[in-house]
Amino acid sequence: MRHGVLFFITALCLALVAVPGFAQETLKIGHYGSLTGSEATFGQSTSNGLKLAIAEVNAAGGVNGKKIELVEYDTKGEPKEAGSVVTRLCTHDKVVAVIGEVASSLSLAGAPVCQQYSIPMISPSSTNPKVTEQGDMIFRTCFIDPFQGYVCAKFAWENKSMKTAAVLLDQSQAYSVGLAEEFEKAFIKFGGTITIKQQYNKGDQDFTARLTAIRATNPDVIFVPGYYTDVANVAIQARKLGITAPLLGGDGWDSSKLTEIGGKSIEGSFYSNHASPDDPSEIFQSFVSKYKDEYGATPDALGALGYDSGKLLFDAMAKSKSLSGKDLAATLAATKDFKGATGVLTINEKRDAVKSAVILELKDGQPKYVTTVNP
Ligand code: PHE
């Protein structure tokens with residue numbers, strides 16, 4: 001008899017799961033990010049922040065009564081991998097929306113896929129303008145590089161009275177190439193001079209020849225719009241060559257690994273970012289304490305942007321007429337004054353966020369707040 005009841009319940013469960021719609025008790029969203037490789041902290045921090053947002057929305061009952069389920073893939077920092085995992089998210093997992101990537105070149109690989117399958121994609125942190133130009137399904141919750149380049153140039157020229165800059169960029173990354181260009185344009189407009197421009201490829205180990213050429217031009221500052229692992233190596237080798245000029249860079253520096261690898265060599269250098277750990281606002285600090293409780297570490301800006309992207313997406317999903325890509329994209333496009341941990345967010349007609357930037361200085365192994373620049 002007992003077996004009969006058990007059998008009946010099991011059969012009933014199996015039958016229900018087989019009914020289309022009933023198995024859809026959760027709403028699937030995708031995340032693609034570099035969880036391993038030389039930009040591993042980018043994907044890991046984003047994932048941590050996003051998971052916090054998911055835990056919060058699920059604890060509050062989910063979206064329209066359904067729990068959010070995360071499907072996450074590692075891009076290993078490779079554009080090819082990004083393209084294939086996003087295809088999997090869109091065709092196999094059939095997610096409602098996709099969050100990712102951090103690195104612009106990887107978002108540029110994933111965005112055309114999301115656009116093709118009409119699945120909204122939100123990059124939390126890719127700043128190259130071309131990312132959202134891939135189509136009307138593609139959004140971001142951060143500022144773009146024409147602004148970030150201006151912010152860095154303004155800081156160098158106005159706050160630091162720097163008159164000459166050398167540029168050392170990563171020619172393998174759309175982000176680095178674009179940000180270098182924007183910095184140069186803005187710095188020259190302020191009246192500054194670019195003394196020399198040198199290039200490297202992500203993962204290069206020896207920067208001696210390029211840094212020696214830079215040293216010969218004796219610049220006030222070296223602009224290095226790269227990712228943290230390379231930047232830390234550049235800093236170490238620059239100091240070995242006796243270069244004392246500070247380095248200046250963009251959000252790609254944002255990782256606890258920068259000071260872990262760079263040590264003393266990166267002290268006194270500056271970078272622009274989306275959030276400052278010192279931001280006293282209540283919404284940011286409440287995020288920081290939740291993140292610390294969960295992960296035992298202070299979040300970087302990527303953690304906060306991952307969190308905000310999740311929050312924004314769930315808010316839009318709840319408001320949207322339906323969860324079709326078209327309706328959801330229309331709801332996302334109408335975002336105005338959304339209060340995120342990284343500030344108030346409005347999506348403009350190009351599907352980019354309009355937000356302020358901060359400049360941080362590396363001091364005693366920590367990024368310290370210096371100033372804010374508004375759009
Ligand atoms: N903005 C960088 C890019 O577009 C990625 C990044 C954002 C890295 C924020 C760190 C922090 O490639």
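Counting convention: from 1, in listed order, for ligands and their atoms alike. Since this is a predicted model, take the numbers as computed values, not measurements.
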Item checked: same_hphob_cluster(F207, V177) at 4.5 Å side-chain heavy-atom cutoff -> yes
Next item on the list: May I ask you to decide if the ring planes of W157 and F190 are parallel, tilted or perpendicular, using 30° and 60° as cut-offs?
Entry: parallel
Next item on the list: Sorted by first residue and then second, give each ring pair (Phe, Tyr, Trp, His ring centres under 6.0 Å) pair with at least one member in residues 238-264; sequence neighbours left out.
Entry: W253-Y271
Next item on the list: Take the angle between the ring planes of F143 and H274 and call it parallel below 30°, perpendicular above 60°, tilted in between.
Entry: parallel
Checklist line | Every residue of the protein that comes under 4.0 Å of ligand 1, judged on heavy atoms | finding: F42, V102, A103, S104, S125, S126, T127, Y175, Y227, D251, G252, D254, H274, L302
Next item on the list: Can you run down the ring pair (Phe, Tyr, Trp, His ring centres under 6.0 Å) pairs that involve residues 293-349, sequence neighbours left out, and say none if there aren't any?
Entry: F287-Y307, Y291-Y295
Check: By side chain to side chain contact (heavy atoms under 4.5 Å, CB included), which residues pair with S34, not counting sequence neighbours?
Finding: E39, F42, T75, E101
